[in-house]
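Worksheet for the structure shown next.
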2 protein chains.
Amino acid sequence: MSRASDRAYNLIRSMILSGELQPGSQIREEALAELCGVSRTPVRDSLRRLEAEMFIRRNDSKRSFVAAWSLDDLEDAFHLRAMLESHAAKRAATRITRDQLARMRFQNAQLKQAVDAIHPDVPRFIDHNRQFHAILLKAAASERLTSMLSQVTEQPVVLRTARQYDLENLRRSHHEHEELLIAFENRDGDWAAAVMTAHIRRAFHAYAEAHSSYTEIGKSNLAA
Amino acid sequence: MSRASDRAYNLIRSMILSGELQPGSQIREEALAELCGVSRTPVRDSLRRLEAEMFIRRNDSKRSFVAAWSLDDLEDAFHLRAMLESHAAKRAATRITRDQLARMRFQNAQLKQAVDAIHPDVPRFIDHNRQFHAILLKAAASERLTSMLSQVTEQPVVLRTARQYDLENLRRSHHEHEELLIAFENRDGDWAAAVMTAHIRRAFHAYAEAHSSYTEIGKSNLAA
DNA sequence: GTGCAGCTTATTGTATACAAATGCCATTCG
DNA sequence: CGAATGGCATTTGTATACAATAAGCTGCAC
C-alpha cells in the first residue's frame, strides 16, 4: 500500500489492538482522518480492510464499530486457527526445504533465548514466534491458506491479555516447536499436524486462563 | 453496500466469473468505471473486495489483474473448503433447529426436482444447492467460518466448467445431502463431517474431470 | 405522557481534480 | 548491438466538494 493508506491502516489497527479504540465504540471516518493526518479516502480504504479482517463491524446503515468478541468467539477463532495451521503443518512437512528448516530452527533457538534470559524479553519472543510460523506457512505453499490464517492469528490480541501469559507457557511453545521440527525432519505430516493442533489448543487455554483471571481482577475491583 | 458500489461489485464479479474479463488480463479502474457507469471511487472499493476474495491480484506496483488459477490451486481451494465445511457440518449437527432442518429438507427436495424433471434446470439446482449450504452454515453459527467459506466456495466457477458436470453428479449431491440430513437428525457431528468431506471431494473430482475434458478439447482445437 | 412528522444534523457515498508513482519507449552512449 | 537514461504516457493514490442517507431531536397531536 501507499504511504497515507498504510499509515492509516497501521495506526487504526494498533489503536484497536491496544484498546485505545474500545470494542463496541463507533468509528467515524473523519475523526480517524484527522487523527492520522490524512483525508477520508485512505481511511475508508483501511476500514474496509479491517472490516474484512473482522476487526471492525458495520451495521445496516454503514456505520462502523470496533468489533467486540466474547470468549466463545475467541475459542471459535482458535479452533479455526488450529484446523488451518495444522493443515499448513501437514503440507509443510513434505515440502519444506533444508534452508527453511534451518531458519525455523534458528528462530526457535532465538525465542528460547528470549525467555531463558535473566531478563526475559517477551516482545522479542513474540517476534521470533511470528517468524517461526511465517516460515512454516511459506513452506506450506498455499496462498489461500496464508490469506485465511492471517484472519485468525492476530485476533486474540484484542483481549489485551496476550502478553500476560507466563514464561512457563512460552517455554512450552519452544518445546512444541522442537517436536514440530523433528516431525518435519521425518517428513511426517500427520505427526506435524497433531503437534500443531496441540500447540494451538494449549495456547488457547493459556489465553483463556489469563483472560479469566484478568476478568476476575476487574470484577473484584468493581466489588471493592 | 450502496447502489453504485454494489452495481460495480456485482458487474465486475460477474464479468470475471463469466470469463468476459479473462484470467491474467489487466484491469484498469477507469475502464471499469465507464463500463459500470460510475466513477472510479466505487470501482476501487469493489476491486479491494474482489482482491480480498482473491478474484483479483495486484502486482507490486498496484496494478490489478484477473486472478488465473491452476488446477492445483483449485484443488487447494477445494481442500480448504472440505475442511471448513465439514467443520461447519459438525457444529451444525448439534445446533441445528427443527425449522432449519425442515428448510434444508425442502431445499434438497427442490434441487432433486430440478434435475429429475424432463427438462433439467441446472441453474435452479445450483440455487437450491446454494441455499441448502447457506442454511447449514447459519446453523453452524460461526461468523468467522461463514466469512472464510465465502472465500473458497465461489472460486471454482472461474474455470467456467462449473455448470457442465453431468446430471448423474448432481443426483449424487442430492443423495449425499440426504445422508447429511440423517446424520443431523441423529445429532452425529462426526458422521455429518465425514459425509460433507466426501461430498466436497467428489464435487472437486467432478469439476476436475469436466475441466480436463474441456482442456483436451481446447488442445485438440489447437492441434487441428 | 406517548407516538409520530418533519426538520436538522451527523455520517457515509460518489464524483472529480490533481498528485505521485510506475511502465514504456526512444534515444544515446559505451 | 546492448544497456542505461531520460522523458512522456498510463495508471493508481489522495484530497476535497458535494450528494444521499440515516439518526436524533423538537414540537405537535391525541
Side-chain angles (χ1 to χ4, degrees), chain A residues 1-16 19-68 143 147 150, chain B residues 1-17 19-68 143 147 150 158:
Chain A
M1 274 284 140
S2 42
R3 212 178 112 262
S5 192
D6 245 350
R7 250 193 344 154
Y9 174 79
N10 290 321
L11 210 77
I12 297 168
R13 189 168 180 281
S14 72
M15 286 198 296
I16 292 173
E20 199 170 338
L21 288 175
Q22 291 203 346
S25 64
Q26 185 171 348
I27 279 179
R28 278 155 308 138
E29 297 175 353
E30 199 156 350
L32 286 181
E34 280 182 36
L35 249 158
C36 302
V38 298
S39 82
R40 271 177 58 213
T41 312
V43 168
R44 301 189 94 235
D45 235 67
S46 308
L47 291 185
R48 296 297 147 82
R49 283 172 70 187
L50 292 164
E51 189 196 349
E53 294 166 3
M54 303 186 81
F55 282 114
I56 281 178
R57 310 179 56 98
R58 306 178 77 199
N59 65 12
D60 1 289
S61 61
K62 317 298 177 199
R63 281 168 167 72
S64 302
F65 301 83
V66 180
E143 263 187 83
S147 147
S150 73
Chain B
M1 275 283 143
S2 41
R3 209 176 116 266
S5 191
D6 245 350
R7 259 204 327 163
Y9 174 79
N10 289 321
L11 210 77
I12 298 168
R13 189 169 180 282
S14 72
M15 286 199 296
I16 292 174
L17 291 180
E20 199 170 338
L21 288 175
Q22 291 204 346
S25 64
Q26 185 172 347
I27 280 178
R28 278 155 308 137
E29 296 175 354
E30 199 156 351
L32 286 181
E34 279 181 36
L35 249 159
C36 301
V38 298
S39 81
R40 271 178 57 212
T41 312
V43 168
R44 302 190 93 235
D45 234 67
S46 307
L47 291 185
R48 295 299 149 82
R49 282 171 71 186
L50 292 164
E51 189 196 349
E53 294 166 4
M54 302 184 85
F55 282 114
I56 281 178
R57 309 179 56 96
R58 306 178 77 199
N59 65 12
D60 2 288
S61 62
K62 317 299 178 198
R63 282 166 164 72
S64 301
F65 301 82
V66 180
E143 263 185 83
S147 146
S150 72
V158 290

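Sequence lines set the chain letters: A, B, ... in the order given, protein chains first and strands last, and positions in each chain run from 1.
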- Minimum heavy-atom distance between A:Ser46 and A:Ser5, given as atom pair plus value: OG-O, 3.4 Å

- Message: For B:Ala67 versus B:Pro23, what's the shortest heavy-atom pair and its separation?
- Response: O-CB, 3.6 Å

- Task: State which residues pass side-chain contact (heavy atoms from CB on, under 4.5 Å) with A:Ser25; sequence neighbours excluded, sorted by chain then number.
- Result: A:Gln22, A:Val66

Considering only distance and modelled atom types, tabulate donor-acceptor pairs under 3.5 Å from the side chains of residues 28-37 of chain B, sequence neighbours left out.
unit_1, atom_1, unit_2, atom_2, d
B:Glu29, OE1, B:Arg40, NE, 3.0
B:Glu29, OE1, B:Arg40, NH2, 2.9
B:Glu29, OE1, B:Arg44, NE, 3.2
B:Glu29, OE2, B:Arg44, NE, 3.2

- Side chains of B:Phe55 and B:Ile12: does their closest heavy-atom pair fall under 4.5 Å? no

- Determine the contact category for B:Leu47: base if any of its heavy atoms lies under 4.0 Å from a base atom, sugar-phosphate if only primed atoms, P, OP1 or OP2 are that close, otherwise nothing. nothing

- Note on the structure: Applying side-chain contact (heavy atoms from CB on, under 4.5 Å) to B:Thr41 and not counting sequence neighbours gives B:Ser39

- Message: List the residues meeting side-chain contact (heavy atoms from CB on, under 4.5 Å) with A:Ser147, not counting sequence neighbours, and say none if there are none.
- Response: B:Met54, B:Gln151

- Query: Side chain of A:Gln26: nearest nucleotide among D:dT14, C:dT11, C:dT16?
  - Reply: C:dT11

- Scan residues 29-40 of chain A against DNA chain D and write down, sorted by residue number, each residue with any heavy atom closer than 4.0 Å; if none is found, say none. A:Val38, A:Ser39

- Calculate the interatomic distance between A:Arg58 atom CZ and D:dA23 atom C1'; express it in whole Å. 16 Å

- Can you give the dot-bracket line for DNA chain D, using ( ) for pairs inside the strand, [ ] for pairs that cross earlier ones, | for pairs with another strand and . for unpaired bases, where Watson-Crick and G-U count if both distances are under 3.5 Å? ||||||||||||||||||||||||||||||

- Atom-pair distance (CZ on A:Arg28; C1' on D:dA23), nearest Å: 14 Å

- Message: Taking side-chain hydrogen bond (donor to acceptor under 3.5 Å, both in side chains) as the definition, give me every residue that meets it alongside A:Arg57, ordered by chain and number, with sequence neighbours left out.
- Response: B:Glu143

- Counterpart residues, side-chain hydrogen bond (donor to acceptor under 3.5 Å, both in side chains), relative to A:Asp60 (two or more places apart): none

Please list, pair by pair, any protein nitrogen or oxygen found under 3.5 Å from a nitrogen or oxygen in nucleotides 21-25 of chain C.
unit_1, atom_1, unit_2, atom_2, d
C:dT22, O3', B:Ser61, OG, 3.2
C:dG23, OP1, B:Ser61, OG, 2.9

- Note on the structure: In short, A:Phe65 meets A:Gly24 closest at the heavy-atom pair CD2-O, 3.5 Å

- With sequence neighbours left out, write down each residue that passes salt bridge (Lys or Arg N to Asp or Glu O under 4.0 Å) with B:Arg63, or none if nothing qualifies. none

- Query: When the distance from CZ of A:Arg3 to C1' of D:dT14 is rounded to whole Å, what number comes out?
  - Reply: 11 Å

